[in-house]
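Ligands are counted one by one from 1 in listed order, and the atoms in each one are counted from 1 as well. Below, all heavy atoms of this structure are taken into account, side chains as well, without hydrogens, waters or symmetry copies.
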Amino acid sequence: MGVTENAAIGAAIKSGKKQPRVIVVGSGLSGIVMGMRLMKAGFTDLTIFEKAENVGGTWFYNAYPGLRCDVPSHYYQYSFEPSTSWSHRFCGGPEIRQYFEDMARKYQVFERIQFNTEVVNAEYGDGKWEVELGNGEKQSCDFLIAACGILVRPKYPDLKGLDSFAGEVVHSARWDHDLDLQGKRVAVIGNGSTGIQMIDPLTKICSKVVSFQRTPQWIVPIPNKKYSAFGHKLQNAFPFISKFYYYTFRFVMEQLMGRGIIKDGWSRRTMGKLCQWNLNSVKDEKLRQDLTPDYVAMCKRLVMSSEFYPAIQKPNAELVREGIDHVEAGGIVTKDGKLHELDVIALATGFHANEYMLPMTMTGENGLTLDEAWKNGPRGYRTVAMPGFPNFFMVMGPHSPVGNFSLSSIAETQSQYILNFIKMWSDGKFNTVRPKEEATEKFNQDMKANMKDTVWLTGCQSWYLDDQGIPGSWPWTATKFRNDLKDARFEEYTAT
Ligand code: NAP
């Protein structure tokens, strides 16, 4: 990746400017880009607390067979740090995690990360945040930034008898690296993006793979091109090619998929037709029917795979639509009384979505707790801040456009916005700042009003919807997101 020592780090901030102490929680792609921005600006009094033993967040915890990002890697990288060495159009998990680690090292963020350390509580008082770590230690800072991710805490299904299973049970987001699957009979429960990704690689090594499907998914094909040695040479000789890929993929994803998500029209219909065309490749009529969803494509997060349909038609693969009754020592018993004999059960049952920094507890000004602030569900000011929580910001906070775009691109926009506030603080423009309640309320009302046209509300269950059935994502275009966060809109904040 051509990492030059110190090359990316900004000059120390000029005298007369204040150096803030900044604490970031989480070193996934959001925390890393926040750290990179701070370091580049010369704000080096930074600590990132990370509960895992390495960087990457999602890309550290999820290590199941077939793990891949279904956003093209050139669009999943940071736009200002194009890589010329992506192996495929859609790279595997380890390669993506390595990119983020390389970035953390290049900007000297890596050495500012304290691993195996969970932040359990944060309290605000006298212009400072005091964070409490899992080991009881306390540290204070001028700015606290949560970059804790969205799909973090694995959801385990409440299946009768799961504990009595004699084989191995493993969740996709807590994969056991030592698990030997060669020649085993493996069940995959769940067929979201994760469950679907697993099937093809498992069919290559297991004697039997059984996909337990509760609700069929629409699947759009994404042929995964391998970049040739010549292609890499070209990219190295002309680095703008990588940037060109970035903006091309961004255009396609934002204009084709992004638009279809927020509004009905040609793009939604096109995606639906593409999915139907893909489904038609399944030859067996009964299997095709079993795989046919009864809701609009993209209502659930669209699954992207060119491998799943061929894989599920292999002789050692089976799709089970019958509901699960219970699990016993020998396997899974479905409601029709049939025992599916198994050695391993892989749970691809998703996450407790949209919990953000929870279960960490927080107390802002005037004793306002996070539980009180979020009693009606997570809400914030333009995805990045919260009234009552001064000098606190979030990367990938509530209603970030997670369903529509590349998360790296979102984190880039948000981290730049947050950095602008820290620069203002450093320049002495304020001591503390928090968004106004009215501005936050207006943002949330506008957002809810715009949800009605989104595909998420066309009649399906998905992790996008909260307990009240309100989607937790962004109901506008990517361009509006970037424009909304271009300026600080300081008038919508109260500063001291
Ligand atoms: P998910 O989309 O929430 O899917 C969970 C699956 O488990 C669903 O099929 C669900 O069925 C099923 N399920 C849950 N509880 C169950 C139970 N008790 N019994 C039977 N089935 C049960 O989770 P995911 O597949 O891990 O994906 C989550 C998100 O992560 C994706 O939407 C995507 O945003 C992201 N992701 C991205 C990539 C990528 O390549 N970028 C890869 C993987 C994941 P129902 O549909 O009936 O609820």
Trainee: Classify the ring geometry between Tyr246 and Tyr75 as parallel (under 30°), tilted (30 to 60°) or perpendicular (over 60°).
Mentor: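 Correct class here is perpendicular.
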Trainee: For the residue pair Tyr245 and Tyr227, does the interplanar ring angle fall in the parallel (under 30°), tilted (30 to 60°) or perpendicular (over 60°) class?
Mentor: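 Because their plane-to-plane angle lies in the 30° to 60° range, the rings of Tyr245 and Tyr227 count as tilted.
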Trainee: Are a donor atom and an acceptor atom from the side chains of Asn354 and Tyr356 found within less than 3.5 Å of each other?
Mentor: yes
Trainee: In the protein, what heavy atom is nearest to atom 35 (C) of ligand 1, and what distance, to one decimal place, separates them?
Mentor: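 Result for atom 35 (C) of ligand 1: Leu151 CD1, 3.9 Å.
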Trainee: Suppose we measure from atom 20 (C) of ligand 1 to each protein heavy atom; which comes out shortest, and what is that distance?
Mentor: Ile189 CG2, 3.7 Å
Trainee: Between Cys460 and Cys299, does the SG-SG distance stay under 2.5 Å?
Mentor: yes
Trainee: Taking atom 7 (O) of ligand 1 as the point of reference, which of Ser406, Gly192, Ala348, Gly350 owns the nearest heavy atom?
Mentor: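 The residue whose heavy atom sits nearest atom 7 (O) of ligand 1 is Ala348.
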Trainee: Give the atom numbers and elements of ligand 1 that come within less than 4.0 Å of a heavy atom of Arg301.
Mentor: 32 (O), 33 (C), 34 (O), 41 (N)
Trainee: Does Lys480, at its NZ atom, have more than 12 non-hydrogen atoms belonging to other residues, nucleotides or ligands within less than 6.0 Å?
Mentor: yes
Trainee: So Trp474 and Trp476, would you call those rings parallel, tilted or perpendicular, with 30° and 60° as cut-offs?
Mentor: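 Taking Trp476 first and then Trp474, their aromatic rings stand perpendicular (interplane angle over 60°).
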Trainee: Using non-hydrogen atoms of the residue, decide whether Phe212 is closer than 4.0 angstrom to ligand 1.
Mentor: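 It does not; every heavy atom stays at 4.0 Å or beyond.
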Trainee: To the nearest 0.5 Å, how far apart are CG in Asn191 and OG in Ser211?
Mentor: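 That separation rounds to 5.5 Å.
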Trainee: Say you draw a straight line from CD of Gln414 to OG of Ser30; how long is it, rounded to the nearest 0.5 Å?
Mentor: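 Gln414 atom CD to Ser30 atom OG measures 7.0 Å (nearest 0.5 Å).
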Trainee: So, is Gln197 polar-close to ligand 1, with some N/O to N/O distance under 3.5 Å?
Mentor: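 Yes, there is a polar N/O contact under 3.5 Å.
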Trainee: Can you tell me if Gln213 has a non-hydrogen atom under 4.0 Å from ligand 1?
Mentor: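 In this structure, Gln213 fails to qualify as a contact of ligand 1 - no heavy atom is under 4.0 Å.
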Trainee: Among all protein non-hydrogen atoms, which one is nearest to atom 2 (O) of ligand 1, and what is the separation to 0.1 Å?
Mentor: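 Among all protein heavy atoms, the one nearest atom 2 (O) of ligand 1 is Trp463 CD1, 3.7 Å.
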Trainee: I need the nearest protein heavy-atom contact for atom 41 (N) of ligand 1: residue, atom name and distance, please.
Mentor: Asp70 OD1, 2.9 Å
Trainee: Has Phe80 got more than 12 heavy atoms of other residues, nucleotides or ligands less than 6.0 Å from its CZ?
Mentor: yes
Trainee: Could you tell me whether Thr349 approaches ligand 1 through its side chain, its backbone, both or neither, with non-hydrogen atoms closer than 4.0 Å?
Mentor: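 The answer is both.
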Trainee: Pairing donors with acceptors under 3.5 angstrom, does anything connect the side chains of Arg185 and Ser207?
Mentor: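 No pair is found: no donor N or O on one side chain lies under 3.5 Å from an acceptor on the other.
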Trainee: For ligand 1, is there an N or O atom under 3.5 Å from any N or O atom of Ser172?
Mentor: no
Trainee: Between Lys155 and ligand 1, which part of the residue brings a heavy atom under 4.0 Å of the ligand: side chain, backbone, both or neither?
Mentor: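 Neither part.
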Trainee: Report yes or no: does a heavy atom of Trp59 sit under 4.0 Å from some atom of ligand 1?
Mentor: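 Trp59: no contact with ligand 1 (<4.0 Å).
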Trainee: Can you label the angle between the Tyr381 ring and the Phe443 ring as parallel, tilted or perpendicular, going by 30° and 60°?
Mentor: tilted
Trainee: Tell me the contacting part of Asn62 for ligand 1: side chain, backbone, both, or neither, using a 4.0 Å heavy-atom threshold, strictly below.
Mentor: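 Asn62 to ligand 1: no contact under 4.0 Å from either part.
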Trainee: Identify the protein heavy atom lying closest to atom 17 (C) of ligand 1, giving its residue, its atom name and the separation to 0.1 Å.
Mentor: Arg214 NH1, 3.4 Å
Trainee: Mark up the atoms of ligand 1 that fall under 4.0 Å of a heavy atom belonging to Arg68, in ascending order.
Mentor: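 Counting from 1, the qualifying ligand atoms are 39 (C), 40 (O).
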Trainee: Fit a plane to each ring of Trp86 and Tyr99, take the angle between them on a 0 to 90° scale, and name the class: parallel (under 30°), tilted (30 to 60°) or perpendicular (over 60°).
Mentor: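 Trp86 and Tyr99: tilted rings.
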Trainee: Report the distance from atom CD1 of Ile410 to atom CE of Met396, rounding to the nearest 0.5 Å.
Mentor: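 Between Ile410 CD1 and Met396 CE, I get 5.0 Å after rounding to 0.5 Å.
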Trainee: What is the closest protein heavy atom to atom 12 (C) of ligand 1, and at what distance does it sit?
Mentor: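 Protein heavy atom with the smallest distance to atom 12 (C) of ligand 1: Gly190 CA, 3.6 Å.
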Trainee: Quick one: does Asn191 get within less than 4.0 Å of ligand 1, heavy atoms only?
Mentor: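 Yes, Asn191 has heavy atoms under 4.0 Å from ligand 1.
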Trainee: Among the heavy atoms of Gln461, does any lie under 4.0 Å from an atom of ligand 1?
Mentor: no
Trainee: To the nearest 0.1 Å, how far is atom 45 (P) of ligand 1 from its closest protein heavy atom, and which atom is that?
Mentor: Thr215 OG1, 3.5 Å
Trainee: Considering only non-hydrogen protein atoms, determine which one is nearest to atom 25 (O) of ligand 1 and report residue, atom name and distance to 0.1 Å.
Mentor: Thr194 N, 3.0 Å
Trainee: How does Tyr64 reach ligand 1, if at all, at less than 4.0 Å between non-hydrogen atoms: by side chain, backbone, both, or neither?
Mentor: side chain
